[in-house]
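The shown structure was predicted, so the numbers you read here are calculated from the model rather than taken from an experiment.
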Amino acid sequence: MSLIPSWFGGRRSNVFDPFSLDLWDPFKDFPFPSSSLSPCNFPQTLRENTAFVNTRIDWKETPEAHVFKADLPGLKKEEVKVEIEDDRVLQISGERNVEKEDKNNTWHRVERSSGKFMRRFRLPENAKMDQVKASMENGVLTVTVPKVEEKKPEVKAINISG
């Protein structure tokens, strides 16, 4: 067996040959999607319960507030929940439902995520938990958590006698 790939000799197929043209998928027998699985081979329950893991959330702190922005394309505000727990935890959750399958259709690719998602963030001590606001526009959820105004130390001038 040669260590140099056979570029001119046609296809080579050998499990022990690192230059073999056959691709081995180590995850092909596991019950989750991999590159070698076509969407039509996905079990129905797997397609319905695929984690909506690509929920990306930005958290920035401004002088006035903590601002969270989440990209949630295709979701309505009724499908998203924003909650605050007693121990200063902001929870953003929701669910994207799978399209109903029509037996007459043939799926060629399923890339959009579906299922439930949940992200949790522990808020700092300077967050005003009772004044949290959320809005959703064009598939972007914005959660604003105002900050407690920092008391600037009061400086008092002392007269020097003498």
Side-chain angles (χ1 to χ4, degrees), residues 11 13 15-152:
R11 288 185 62 96
S13 178
V15 71
F16 300 109
D17 184 357
F19 297 107
S20 175
L21 295 177
D22 287 344
L23 296 176
W24 174 64
D25 184 2
F27 303 109
K28 75 176 186 177
D29 294 324
F30 287 99
F32 56 83
S34 75
S35 59
S36 69
L37 292 175
S38 67
C40 58
N41 292 335
F42 288 173
Q44 180 66 27
T45 56
L46 182 63
R47 276 186 280 167
E48 289 176 357
N49 297 323
T50 302
F52 190 12
V53 296
N54 291 331
T55 304
R56 304 284 186 213
I57 299 180
D58 296 337
W59 176 2
K60 74 176 176 182
E61 183 175 355
T62 67
E64 299 83 27
H66 295 275
V67 181
F68 297 83
K69 289 195 176 205
D71 289 335
L72 303 171
L75 290 182
K76 300 176 187 134
K77 66 180 185 178
E78 295 80 19
E79 298 170 317
V80 178
K81 285 176 30 178
V82 178
E83 301 171 314
I84 298 286
E85 296 178 4
D86 288 337
D87 52 348
R88 308 187 81 73
V89 174
L90 170 68
Q91 178 173 301
I92 300 171
S93 61
E95 182 173 6
R96 175 179 289 150
N97 296 319
V98 143
E99 289 184 28
K100 297 296 178 204
E101 188 171 324
D102 185 359
K103 298 296 180 191
N104 297 328
N105 295 338
T106 301
W107 290 89
H108 293 281
R109 185 172 291 258
V110 176
E111 292 183 344
R112 296 184 317 150
S113 298
S114 62
K116 296 180 181 184
F117 70 93
M118 180 178 66
R119 297 291 307 273
R120 296 168 55 103
F121 301 92
R122 181 164 307 281
L123 297 171
E125 293 292 323
N126 66 352
K128 289 184 179 179
M129 305 301 287
D130 56 338
Q131 296 180 13
V132 176
K133 293 188 170 124
S135 65
M136 189 143 170
E137 186 175 334
N138 296 328
V140 177
L141 173 70
T142 303
V143 180
T144 305
V145 183
K147 291 169 43 176
V148 174
E149 294 178 23
E150 293 182 22
K151 292 185 179 181
K152 295 182 180 177

Got more than 12 heavy atoms from elsewhere within 6.0 Å of CD, Glu149? no
In terms of heavy-atom contacts, Pro146 and Ala65 come closest through CA-CB, 3.8 Å
Could you tell me if the side chain of Val82 sits less than 4.5 Å from the side chain of Leu141, heavy atoms only? yes
Hey, does Glu64 have a side-chain heavy atom less than 4.5 Å from the side chain of Thr144? no
Does some side-chain heavy atom of Ile84 sit less than 4.5 Å from a side-chain heavy atom of Leu123? yes
Quickly, which of His66, Lys128, Lys133 forms a side-chain contact (heavy atoms from CB on, under 4.5 Å) with Val145? Name it, please. His66
Atom pair CD (Glu137) and NZ (Lys77), whose distance is rounded to the nearest 0.5 Å: 11.5 Å
Could you tell me the separation between the CD atom of Glu79 and the CG atom of Asn97, rounded to the nearest 0.5 Å? 6.5 Å
How far apart are the closest heavy atoms of Phe117 and Leu75, and which atoms are they? CE2-CD1, 3.8 Å
Has Arg122 got a side-chain atom pairing as donor or acceptor with Arg88's backbone, closer than 3.5 angstrom? no
N-O pairing of Glu83 and Lys81 below 4.0 Å: yes
State, to 0.1 Å, how close Arg119 and Thr55 come at their nearest heavy-atom pair, and which atoms those are. NH1-O, 3.0 Å
Does any N or O in the side chain of Lys147 come within less than 3.5 Å of the main-chain N or O of Thr62, such that one atom is a donor and the other an acceptor? yes
Scanning both residues in full, the closest heavy-atom pair of Val89 with Arg120 reads CG1-NH2, 3.7 Å
Compare all side-chain heavy atoms of Val143 with those of Phe121 and state whether any distance is below 4.5 angstrom. no
